[in-house]
**Q** 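First the structure, then my questions, so here it is.
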Amino acid sequence: MNKQLLNTILDHTGISDVLSGIARKVAHGERISPDDGIMLLAQAELGFLGMLADLVRIRKNGNNAFYIRNFHIEPTNICVNKCKFCSYSHHFSPSKWELSVDEIIQKVLSQDENVTELHITGAVHPDRDIYYYGELLKKIKTIRPRLHVKAYSAVELDYMISKSGMGIHDGLDYLKSCGLDSIPGGGAEIFDETVRKKICGMKSTSQTWLEIHETAHQLGIPSNATMLYGHMETFTHRIDHLERLRQVQDRTGGFNAFIPLKFRNSNNEMSGIPEVSVIEDMKMYAVSRIYLDNFTHLKAYWPAVGRKLAQISLSFGVDDLDGTINDSTRIYSLAGAEDQNPVVTVSQMISMITEAGRTPVERDSLYQEAGVL
Ligand code: V47
Ligand code: SF4
């Protein structure tokens, strides 16, 4: 959408002055305020948001839509915490598991050489410590030195680092020396302290989550950020969450991507809360794209939203569909997501992206074109 066309639309479609003012800011590449963000979530209709999000997406990523060849390992679902939205931990899941180091290594060895990224995340096991996880990284790097290991959410890191008596800086520095390449975005949930206490009161605080990511960035460890939306939070809480992330990113530039995560309501203590509509999902992607002007990438994690919505999200600001994944992630299938067997082949990924009118680009974990380095 070019700016002239946008002006014509704004002048002739009866959009309110306030929304037109926000749209003009976006078109001029100006930052929108928290009040603007809340206004967009509360009042703007879907097509209007899609149009604005597209402006930002094209500015950041042209016509490219990224994917990666990756796989997940979830070492355990035994957890010291008891988050109310969680369908995955041993408190709610029908089974309880903990993989041994040998089993994890076997999973790594079973992947073909074209896979470039391993994502490790799981529950917060009471008996495992930072040295266990550090040794695990070292073993993985010994057998697959070029595999990018994105591992341990800030909540897992908080537990293992606190238990060791190290500070955040030293704990992360130790893990980096063992082979930690980047940190996934999990555990952010919603930063507002009142809602956080209600849905995951035992978990690391918002301040700790943010401090771990900021410290990681200072150490040269990039990370992702997520937000769990569509439960009991308000639009103000969502924008507060985006604002806290935008401020860290202004200071560090260390976030690779933002991933909005839709709350799924099967098999957990919050099952009484209905899931939000698809329209609201697309609005959330679009407003995230518009608000986070200092994040280059917006990711739709297809096992969470389903393949069809992930594909549609490419028209609402998203430029990254995550990866091929394989069937080892259970977080979303247990919570009621459409895909009970999350695996997409490279050719399916390419078709999903091409059908949506984007240019598929296979990336590495740092968004360099795979094989081009
Ligand atoms: O923090 C748990 C979410 C997250 C539910 O960094 C739920 O590339 C919805 O962070 N409904 C973990 N969401 C997964 C995660 C992630 C996933 C993919 C890629 C990356 C990345 C990170 O899953 C948790 C929580 O917010 N979650 N239960 C549920 N019922
Ligand atoms: Fe444990 Fe994570 Fe589930 Fe919370 S969301 S109970 S920290 S596995």
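Counting convention: from 1, in listed order, for ligands and their atoms alike. Residue numbers count from 1 along this sequence.
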**Q** Below 4.0 angstrom from a heavy atom of C79, which ligand 2 atoms are there? Numbered from 1 as shown, please.
**A**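 Ligand 2 atoms under the 4.0 Å threshold to C79: 1 (Fe), 6 (S), 7 (S), 8 (S).
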**Q** Is R363 positioned over the aromatic face of Y367, cation under 6.0 angstrom from the ring centre and no more than 45 degrees off axis?
**A**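 Judged by the rule (NZ or CZ under 6.0 Å from the ring centre, within 45° of its axis), R363 counts as positioned above Y367.
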**Q** Examine distances only and state if a side-chain atom of Q43 and a backbone atom of L40 form a donor-acceptor pair shorter than 3.5 Å.
**A**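 Between the backbone of L40 and the side chain of Q43 there is no qualifying donor-acceptor contact (under 3.5 Å).
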**Q** Any heavy atom of M270 sitting closer than 4.0 Å to ligand 1?
**A**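 The answer is no: ligand 1 sits nowhere under 4.0 Å from a heavy atom of M270.
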**Q** Work out which heavy atom in R69 is nearest to a heavy atom in N114; give both atom names and the distance.
**A**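 Closest pair (atom of R69, atom of N114, distance): CD-O, 3.5 Å.
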**Q** Any idea which part of H91 is under 4.0 Å from ligand 2, heavy-atom wise: side chain, backbone, both or neither?
**A**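 No part of H91 is near ligand 2 at this cut-off.
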**Q** Under 4.0 Å from a heavy atom of F263: give me the atoms of ligand 1 that qualify, with their elements.
**A**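 That gives atoms 9 (C), 11 (N) of ligand 1.
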**Q** Which of the atoms of ligand 1 are close to T226, meaning less than 4.0 Å from one of its heavy atoms?
**A**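 Here the atoms of ligand 1 in question are 10 (O).
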**Q** Just checking, is any N or O donor in the side chain of D322 or N70 under 3.5 Å from an acceptor N or O on the other one?
**A**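 N70 and D322 do have a side-chain donor-acceptor pair below 3.5 Å.
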**Q** Apply side-chain hydrogen bond (donor to acceptor under 3.5 Å, both in side chains) to Y229 and D281, showing your working.
**A** CA-CA 9 Å; Y229 72 91; D281 291 327; 2.6 Å; yes
**Q** Distance under 4.0 Å to a non-hydrogen atom of P184: what atoms of ligand 1 satisfy this?
**A**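 So the atoms of ligand 1 that pass are 6 (O).
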**Q** Going by distance only, is there an N or O of E189 that falls short of 3.5 Å from an N or O of ligand 1?
**A**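 Yes, since at least one N or O of E189 sits under 3.5 Å from an N or O of ligand 1.
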**Q** Starting from the C-alpha separation in whole Å, work towards a yes-or-no answer on salt bridge (charged side-chain N to carboxylate O under 4.0 Å, His left out) for D54 and R57.
**A** CA-CA 5 Å; D54 241 16; R57 176 187 62 75; 3.0 Å; yes
**Q** Please indicate whether any nitrogen or oxygen in Y301 is less than 3.5 Å from any nitrogen or oxygen in ligand 1.
**A**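 In fact, backbone or side chain, Y301 has no N or O that close.
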**Q** If you look at every heavy atom in M282 and L309, which pair is closest and at what distance?
**A**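 The pair with the smallest heavy-atom distance is CE-O, 3.7 Å.
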**Q** List every atom of ligand 2 that sits less than 4.0 Å from any heavy atom of A123, numbering the atoms from 1 in the order shown and giving each element.
**A**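 The list of qualifying atoms is 8 (S).
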**Q** Could an N or O of ligand 1 be found under 3.5 Å from any N or O of F85, whether backbone or side chain?
**A**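 By distance alone, the answer is yes.
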**Q** Look at C83 and state whether any of its N, O or S atoms is less than 2.8 Å from atom 4 (Fe) of ligand 2.
**A**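 Yes.
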**Q** Below a 4.0 angstrom heavy-atom separation, can you tell me which part of V155, side chain or backbone, both or neither, approaches ligand 1?
**A**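 Answer for V155: neither.
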**Q** Can you find an N/O atom of G187 closer than 3.5 Å to an N/O atom of ligand 1?
**A**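 By distance alone, the answer is yes.
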**Q** State yes or no: do L261 and L41 share one hydrophobic cluster built from I, L, V, M, F, W and Y residues joined by side-chain heavy-atom distances below 4.5 Å, directly or via other members?
**A**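 In one cluster: yes.
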**Q** On a heavy-atom basis, I'd like to know which of T121, L261, N70 is closest to atom 4 (C) of ligand 1.
**A**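 Going through T121, L261, N70 one by one, L261 has the nearest heavy atom to atom 4 (C) of ligand 1.
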**Q** Are V155 and I199 joined in one hydrophobic group, where the rule is that I, L, V, M, F, W and Y side chains link up if heavy atoms are under 4.5 Å apart?
**A**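 No, no single cluster joins them.
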**Q** What do you reckon, are the aromatic ring centroids of H213 and F255 less than 6.0 Å apart?
**A**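 Close enough - the centres of the two rings lie under 6.0 Å apart.
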**Q** Which ligand 2 atoms does N81 reach within 4.0 Å, using its non-hydrogen atoms?
**A**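 This gives 6 (S), 7 (S) as the contact atoms.
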**Q** Verify the cluster assignment for M202 and V80: are they in a single hydrophobic cluster under the rule of side-chain heavy atoms below 4.5 Å apart?
**A**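 Cluster IDs for M202 and V80 differ.
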**Q** Mark up the atoms of ligand 1 that fall under 4.0 Å of a heavy atom belonging to K262, in ascending order.
**A**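 Taking each heavy atom of K262 in turn, ligand 1 has 9 (C), 11 (N), 13 (N) under 4.0 Å.
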**Q** Please say whether A188 places an N or O atom under 3.5 Å from an N or O atom belonging to ligand 1.
**A**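 It does not: no N or O of A188 is found under 3.5 Å from an N or O of ligand 1.
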**Q** I need the single residue from H241, R238, R196 that forms a side chain to side chain donor-acceptor pair (under 3.5 Å) with E233. Which is it?
**A**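 Only one option passes, and that is R238.
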**Q** If you measure from atom 8 (O) of ligand 1 to every heavy atom of K203, E269, K150, which option wins on shortest distance?
**A**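 Residue with the shortest heavy-atom distance to the ligand atom: K150.
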**Q** For H119 and ligand 1, answer yes if some heavy atom of the residue is under 4.0 Å from a ligand atom, otherwise no.
**A**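 It does; at least one heavy atom falls under 4.0 Å.
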**Q** Give the atoms of ligand 1, by number and element, whose distance to some non-hydrogen atom of N268 is under 4.0 Å.
**A**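 With N268 as reference, the close atoms of ligand 1 come out as 30 (N).
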